[in-house]
2 protein chains.
Amino acid sequence: MDDPRKDRSEGKVQYGPLSEALGFLLRLGQLKSFAGFFRSFEAEDIRPGELTVLMVLHENPGIRQGMLAKALSIKRAHMTKMVRQMEDEGLILRRVPEDDKRAMELWLTEAGEARVAVLAPILAEHESGGAAGLSVTETAELKRLLRKMLNIRNGASG
Amino acid sequence: MDDPRKDRSEGKVQYGPLSEALGFLLRLGQLKSFAGFFRSFEAEDIRPGELTVLMVLHENPGIRQGMLAKALSIKRAHMTKMVRQMEDEGLILRRVPEDDKRAMELWLTEAGEARVAVLAPILAEHESGGAAGLSVTETAELKRLLRKMLNIRNGASG
DNA sequence: TATTGTTATACTCTATAACTATA
DNA sequence: TATAGTTATAGAGTATAACAATA
């Protein structure tokens, strides 16, 4: 079971130093996780990026567009396209604040809030179990370490 | 320090349920990790995908192209382009095996092995410390959980 | 019939820079 | 001068399907 030659003959691959490369593991982990995401949200026609925008607007009404982009690590140029499409779809309201006419404040419309009301429970259900291959406890620890790495507070309980 | 209103006024964002969403955390983690990657490999003109191909070929000489693609979660169509370019650059040798003339076996050339000899120490150095924000112990635990989730053995020591 | 690699196409996301209007 | 958002363009990476050669 621990003989590399047997693994090779069974069609397995030796990752060598890559098995210690965090970026590589994170990339594969994200691909696996996203596959599960699309399974859970199959009926909703939503992509990960759109969901994150909706959730952050729900939590931070009136947030400025650039700050949203920074929080989600989405480039400003791309964020412009995303939020404009969501504005066209009636999910988002955009408004120039009086104290800085260069900026753009974002709000969810009623339709946007309704969308969140549908999606949030699906997300909660999707996240409730452990990740594939991990126990609930191990999954919680994995998330905790990622949050610490990213300097993100656990705001799910508050 | 734990008052959300203070955080908002200081320019922080409430992530709400997203702080519990594994896919979201993995995505941000990968972006952060890749930024570190490009810093470490700044002088080498290499991208993450190319490095993983080189490392896997070093560990699995003669591996078939489709198996390589599957191991790295890269689509076969994209893998074709990658390995052909690396073949043009003289890093990879491709050969049709006698027992299955549809297939393609991949090997590193001497130049490819030399490239690995340069890159592997940089990767080792890059991974030697803890991830930003985490201790070495925490980073090791994070990697262990990701490997378990992905069903990847730690082959760095063997 | 199924599989391996290839080709082609379209789409998403990213990277970059230039532009405007405001500060 | 600097900043927020916009526009435009190019380049990765991905998804998909169709195809030829082979199993």
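What you see is a predicted model, and the numbers here were worked out from it, not measured in a lab. Atom set for the values below is all heavy atoms of this structure, side chains included, hydrogens, waters and symmetry mates excluded. Reminder, nothing fancy here: chain letters follow the sequence lines and each chain counts from 1.
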> dA2(D), dT16(D), dT14(D): which one has an atom nearest the side-chain heavy atoms of Ala77(B)?
Replying inline: dT16(D)

> Out of dT7(C), dT14(D), dA4(D), which has the shortest distance to the side chain of Ala103(A)?
Replying inline: dA4(D)

> Would you say dT3(D) has OP1 or OP2 under 4.0 Å from some side-chain N or O of Arg76(A)?
Replying inline: no

> Does Thr80(B) make a side-chain N or O approach to OP1 or OP2 of dT6(C) shorter than 4.0 Å?
Replying inline: yes

>> I want to check one thing: is the phosphate of dA2(D), taken as OP1 and OP2, less than 4.0 Å away from some side-chain N or O of Arg102(A)?
In response: no

> Could you give the CG-to-P distance, from Asp100(A) to dA2(D), as a whole number of Å?
Replying inline: 17 Å

>> Let me spell it out: for each of Arg47(A) and Phe38(B), pick the nucleotide of DNA chain C with the closest heavy atom. Which residue's pick is nearer the 5' end?
In response: Arg47(A)

>> Is the ring pair Phe37(B)/His126(B) parallel, tilted or perpendicular, if the boundaries are 30 and 60 degrees?
In response: perpendicular

> Salt bridge check: are Glu141(A) and Arg144(A) linked by an N-O gap of less than 4.0 Å?
Replying inline: yes

> When you check the gap from the basic side-chain N to the acidic O, do Arg47(A) and Glu50(A) get nearer than 4.0 Å?
Replying inline: yes

>> Is it the case that the side chains of Gln65(A) and Arg76(A) hold a donor-acceptor pair, with the cut-off being a distance below 3.5 Å and no angle test?
In response: no

>> On the nucleotide dT14(D), are OP1 or OP2 found under 4.0 Å from the side-chain N or O atoms that Lys75(B) carries?
In response: no

> Closer than 4.0 Å, any side-chain N/O of Arg94(B) to the OP1 or OP2 of dT4(C)?
Replying inline: no

